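Heads up: the structure comes next, in structure tokens.
None of these values were measured; they are calculated from a predicted model.
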Amino acid sequence: MPVIKRRGWEIPEHQATPEALFFDRRRLLAGAGAIGAAVLVPRSADAQRVSDLPDPSASLYPVPRNPKYVLDRPITDEAVNTTYNNFYEFGSAKTIARAARKLKIRPWTVKIDGLVEKPIEIGIDDLLKQMPLEERLYRFRCVEAWAMAVPWSGFPFAKLVELAKPLSSATYVRMETFLDPSVASGQRQSWYPWPYTEGLTLAEATNELAFLVTGAYGKPVAKSMGSPLRLAVPWKYGFKSIKSIVRFSFTAERPKTFWGSVQGNEYGFWANVNPAVPHPRWSQASEWMLGTKERRPTQLFNGYGEYVVDLYKGLENERLWA
Ligand code: MTE
């Protein structure tokens, strides 16, 4: 990413995402049946701000772990992961956790449109009810050469594709992040092509590894990490993992991506992890773990080749890497 600050693990304790917001969540949810939506809607000027209220999906977590996906390294410390982030909507430094607290995650409507049988608009809580939630331990690799290991919760992207019922002419899915410069100060920087967009082929989106994340560390995913809905595609560089998604559009053309539009020579569409192909500014030969700074050799497809290598057969002439 154009502006790099690598000292997120050194930030003071007081900047860490506050757990206090979650302390009361079970009691609040238990009472929600009796007092209904009123709990979530402040009615007076001194009521809590909407952006500060506990996540109403909290009672869904933790979800059962899928034992198929195992790690070769320890899980990254939650406090590190939630406070060292790329989320340009809230600033170009890694320390955006405090600013991201302004994000309003309810109501949150997800649009599914484009080449589908019938466009859908669905609230995130209705979507969560329809999707089979599970936990998966995945490695994560940023093109800036830092890496982490995360216990994500969410559901297979393939399940969303099933719900969307794309037409046979659809070959890509384009994803879009919210657009609200009043809460996301980064979106007032007009030189960026907001909203953030990303894309996958339909074959990639329905690969068993492609995962739509709604939680992490046994609770709803933190705002700094892309609440309430983000992507995890662990064989690709992290910039593909679009955060706070509001729209999925099925298309026949390859979608434009945010970083591809900003600097196409640095951020290719495929963005698969490859130790042998350096990014113009970062060698990809090795990576360092957030929290411990341990160095490890980079693995082709971030170690997930057995799942994804077939996706790229016949594309040898394309730029398959960053
Ligand atoms: N999604 C949005 N909407 N905005 C962003 O700036 N940054 C990307 C990706 N998704 C980004 C985004 C990049 S560059 C990375 S490395 C990952 O989010 C970082 O995810 P993390 O903060 O959970 O580690």
Side-chain angles (χ1 to χ4, degrees), residues 1-2 69 86 88 114-115 136 138-148 150 152 156-158 160-161 166 169-177 192-193 195-213 226 230-243 245 247-287 297-322:
M1 310 307 113
Y69 306 102
N86 276 330
Y88 274 61
L115 300 171
R136 293 189 183 187
Y138 274 173
R139 289 185 291 277
F140 179 98
R141 175 62 154 75
C142 178
V143 76
E144 294 163 358
W146 51 268
M148 58 185 182
V150 193
W152 300 117
F157 202 140
L160 184 116
V161 174
S169 48
T171 39
Y172 293 93
V173 55
R174 174 186 181 277
M175 291 151 280
E176 189 178 299
T177 295
Y192 285 120
Y196 197 101
T197 55
E198 257 304 339
L200 295 174
T201 62
L202 213 44
E204 289 177 320
T206 51
N207 179 274
E208 70 164 273
L209 286 182
F211 198 55
L212 284 167
V213 166
R230 72 169 279 170
L231 180 66
V233 275
W235 71 99
K236 291 180 179 286
Y237 291 114
F239 62 88
K240 287 302 263 189
S241 289
I242 179 172
K243 296 177 168 183
I245 304 169
R247 186 172 175 193
F248 297 86
S249 305
F250 290 81
T251 67
E253 296 88 43
R254 184 175 293 184
K256 280 207 174 117
T257 66
F258 180 84
W259 287 113
S261 307
V262 172
Q263 230 156 335
N265 63 326
E266 298 201 354
Y267 303 101
F269 178 78
W270 296 102
N272 297 313
V273 175
N274 186 343
V277 181
H279 176 278
R281 282 180 290 135
W282 298 281
S283 159
Q284 299 302 339
S286 68
E287 62 199 29
T298 302
Q299 302 174 65
L300 185 62
F301 293 112
N302 202 19
Y304 293 99
E306 62 178 298
Y307 297 96
V308 297
V309 75
D310 288 349
L311 292 171
Y312 307 105
K313 288 228 165 93
L315 296 174
E316 287 77 14
N317 293 330
E318 297 235 0
R319 175 181 158 191
L320 291 176
W321 325 105

Ring centroids only, cut at 6.0 angstrom: are [X] and [Y] within range, meaning strictly under it?
X: F258; Y: Y192; value: yes
X: Y267; Y: F239; value: yes
X: W259; Y: F269; value: no

Sequence-distant partners of R254, salt bridge (Lys or Arg N to Asp or Glu O under 4.0 Å), two or more places apart: E318
Set of residues satisfying salt bridge (Lys or Arg N to Asp or Glu O under 4.0 Å) with respect to R139, sequence neighbours excluded: D72
Partner set under ring-ring contact (aromatic ring centres under 6.0 Å, His included) for F248, not counting sequence neighbours: F157
Parallel, tilted or perpendicular, as decided by the 30° and 60° cut-offs, for the rings of W146 and F140: parallel
So which heavy atom on [X] is nearest to which on [Y], and how close?
X: V273; Y: T298; value: CG1-CG2, 3.5 Å
X: Q299; Y: P275; value: C-CD, 3.9 Å
X: K240; Y: G199; value: NZ-O, 2.8 Å
X: A232; Y: W152; value: CB-NE1, 3.8 Å
X: Y237; Y: N272; value: CE1-O, 3.3 Å
X: S283; Y: A145; value: O-CB, 4.3 Å

Taking [X] for the side chain and [Y] for the main chain, is one N or O donor matched with an acceptor at less than 3.5 Å?
X: Q284; Y: V143; result: yes
X: N302; Y: Y304; result: no
X: T197; Y: K256; result: yes
X: K243; Y: L231; result: no

Reported CH2-to-CG distance for the pair W235 and L300, which is rounded to 0.5 angstrom: 13.5 Å
Derivation of the salt bridge (Lys or Arg N to Asp or Glu O under 4.0 Å) call for R281 and E144: CA-CA 8 Å; R281 282 180 290 135; E144 294 163 358; over 6 Å; no
Ion pair check, E198 and R174, cut-off under 4.0 Å: no
Option from T171, N207, V161 for which side-chain contact (heavy atoms from CB on, under 4.5 Å) with L202 holds: V161
